[in-house]
Number of protein chains: 2
Amino acid sequence: MSAQPTAVMPSTSAATPRAEARPQDRVFQALRRDVLLGRLRPRERLVEEELAARFAVGRYVVRAALDELTRIGLVERRPNRGVVVSDYDPSQIEQLYEVRETLQRAAIARMLLPASRSLLDELTTINRTYAECLARGELDAVAEANAAFHRTLFGACGNPFLAAAIEQHWEKSALVHGYAIGVPALAARSHADHEAMIACLAEGDRAGLGELCSRHMQPSLEAVRKTARTRP
Amino acid sequence: MSAQPTAVMPSTSAATPRAEARPQDRVFQALRRDVLLGRLRPRERLVEEELAARFAVGRYVVRAALDELTRIGLVERRPNRGVVVSDYDPSQIEQLYEVRETLQRAAIARMLLPASRSLLDELTTINRTYAECLARGELDAVAEANAAFHRTLFGACGNPFLAAAIEQHWEKSALVHGYAIGVPALAARSHADHEAMIACLAEGDRAGLGELCSRHMQPSLEAVRKTARTRP
DNA sequence: GTCAACAGAATTGTTGACAATTCGGCCCGG
DNA sequence: CCGGGCCGAATTGTCAACAATTCTGTTGAC
């Protein structure tokens with residue numbers, strides 16, 4: 001029980017939302033949200049001393065948190081030059097989504113269907129939270145619920161390494177699709193997609209689930225393509 | 001050109017074996033080899049101060065190197081309890097290999113075949129180095145050549161994210177298959193497999209390459225299964 | 001006017017000392 | 001003889017100061 005593959009995605013997917021023991025985790029989570037919700041834009045610079053002052057903490061803690069963010073690909077460190085928010089160009093995003101689709105289809109192929117009642121309940125609960133937070137305009141919580149849905153769904157493939165890889169790539173592309181949460185129409189569509197996925201899980205419709213998950217990624221990918229054409 | 005997916009596997013796959021500028025890279029590489037070549041065994045503890053003394057460097061540098069190793073899954077850090085070499089149990093290894101196979105098949109499906117002359121030459125050169133170092137008994141260099149072969153091969157899929165994911169999982173399982181280098185028969189077999197792969201690349205035999213790569217992973221997986229039965 | 005070299009500022013990298021935590025043994029009451 | 005709780009050693013976590021590097025704006029020669 002030593003090397004849990006989940007350890008690759010340490011505090012993020014930590015099932016224990018306990019008292020946020022370590023300060024570096026708090027900084028890590030805060031910065032992670034800032035990036036994922038667009039409060040920090042791609043290519044924006046992250047200066048250690050500023051962050052240390054903002055979080056009332058030593059620079060060492062900030063460095064550790066930034067290393068953690070580097071690990072999951074949300075920021076990038078250039079030696080002696082500091083840390084910037086990652087910025088994937090459109091072609092990289094296409095490649096990233098290609099990998100995500102491959103991994104997701106592999107996961108779906110490995111799920112045992114129809115899904116257990118407890119899994120269905122869990123997903124239903126998460127999706128309800130999603131809708132509620134959306135109605136209240138709590139974007140932070142919406143993003144968290146969205147992440148939880150995907151994490152739970154693909155975690156059900158039974159292979160922790162595969163689940164970790166999916167989550168890892170999901171987080172990277174979250175840089176891109178995160179903004180969609182702010183668009184009501186897209187968010188509603190997302191919620192409906194999730195419900196349809198749950199239905200597929202209940203009925204054991206593996207092929208349908210696969211298609212659904214692939215289609216689910218399309219809107220944000222289309223948005224990227226569009227802005228790429230508009231602003232070369 | 002900011003966020004290169006290769007950055008996920010920073011110094012390891014760095015194509016520039018330049019002057020080892022940063023001290024933490026030197027420590028990182030040394031420890032990585034120790035783990036991969038079995039000089040450090042699974043579950044073995046890594047004490048920061050000991051390493052700092054051994055490498056004649058500050059504890060901070062050791063910490064940074066250990067974090068780097070954590071990132072690629074070779075060691076694991078338990079908060080306030082230190083770092084130990086990762087230890088995957090047999091079922092986890094099966095899962096790991098399953099993901100590797102999925103990723104490798106996806107990569108092979110995306111390669112454009114027949115391969116370019118420069119790629120074939122590069123792989124041939126690497127495999128020759130492999131044989132030469134093996135004959136001389138330089139296991140460090142053999143492991144490095146082996147890694148280079150796989151990195152180059154799957155790097156040819158054209159999707160840096162996919163290549164990075166493959167490399168990432170390859171390194172994790174290197175904890176397991178690394179020992180095979182020391183067994184002459186297995187090492188020879190490995191060399192022959194590599195040649196066959198190059199032939200498939202040259203002829204454009206995609207299906208053959210896929211099967212070959214999957215079979216290539218089997219011996220070490222079998223070894224794991226065997227030791228698992230012997231020593232439950 | 002353009003470009004190279006050069007200071008000075010801003011920022012990151014590293015060190016050593018100190019604080020906090022975990023782990024093992026020891027004592028002691030039951 | 002055994003289990004709970006204290007104590008101390010070993011180890012990790014954090015801080016504040018210092019060193020090294022990169023960046024920016026300016027100067028001066030051509």
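Computed from a predicted structure; not experimentally measured. Note on naming: letters A, B, ... go to the chains in the order of the sequence lines (proteins, then strands), and numbering restarts at 1 for each one.
In this pair, B:His150 and B:His194 present their aromatic rings perpendicular. The plane angle is above 60°, beyond the 30 to 60° band.
One atom, CG of B:Leu66, and another, P of D:dT11, lie 14 Å apart when rounded to the nearest Å. Rounded to whole angstrom, the span from the CZ atom of B:Arg63 across to the P atom of D:dC15 amounts to 12 Å. The OH-P distance, from B:Tyr60 to D:dA17, rounds to 18 Å in whole Å. Atom-to-atom, CZ of A:Arg45 to P of C:dT12 comes out at 6 Å; the value is rounded to the nearest Å. Rounding to whole angstrom units, CZ of residue B:Arg78 and P of D:dA10 are separated by 20 Å.
With a cut-off of 3.5 Å on both Watson-Crick or G-U wobble distances, the partner of D:dC30 is given as C:dG1.
In this structure, B:Phe161 has its ring center under 6.0 Å from that of A:Tyr88.
Listed in residue order, the members of residues 46-55 of chain A having a heavy atom less than 4.0 Å from DNA chain D come to none.
With hydrogens and angles disregarded, a donor-acceptor distance shorter than 3.5 Å links the side chain of B:Glu44 to the backbone of B:Arg41. When atom types are taken as modelled, the side chain of B:Asp87 and the backbone of B:Arg43 share no donor-acceptor pair closer than 3.5 angstrom. Side-chain atoms of A:Arg100 do not come within 3.5 Å of backbone N or O of A:Met217 as any donor-acceptor pair.
The 5' end of DNA chain D is approached more closely, in terms of each residue's nearest nucleotide, by A:Gln24 than by the other of A:Asn80 and A:Gln24.
A donor-acceptor contact under 3.5 Å links the side chain of A:Arg59 to the base of C:dG13.
Regarding contacts with the backbone of D:dG13, a side-chain N or O of B:Arg77 is found under 4.0 angstrom from either OP1 or OP2. Between B:Arg81 and the phosphate of C:dC23, there is a side-chain N or O to OP1/OP2 separation shorter than 4.0 Å.
Taking a 6.0 Å sphere around CZ of B:Arg117, one finds it holds 12 or fewer heavy atoms contributed by other residues, nucleotides or ligands.
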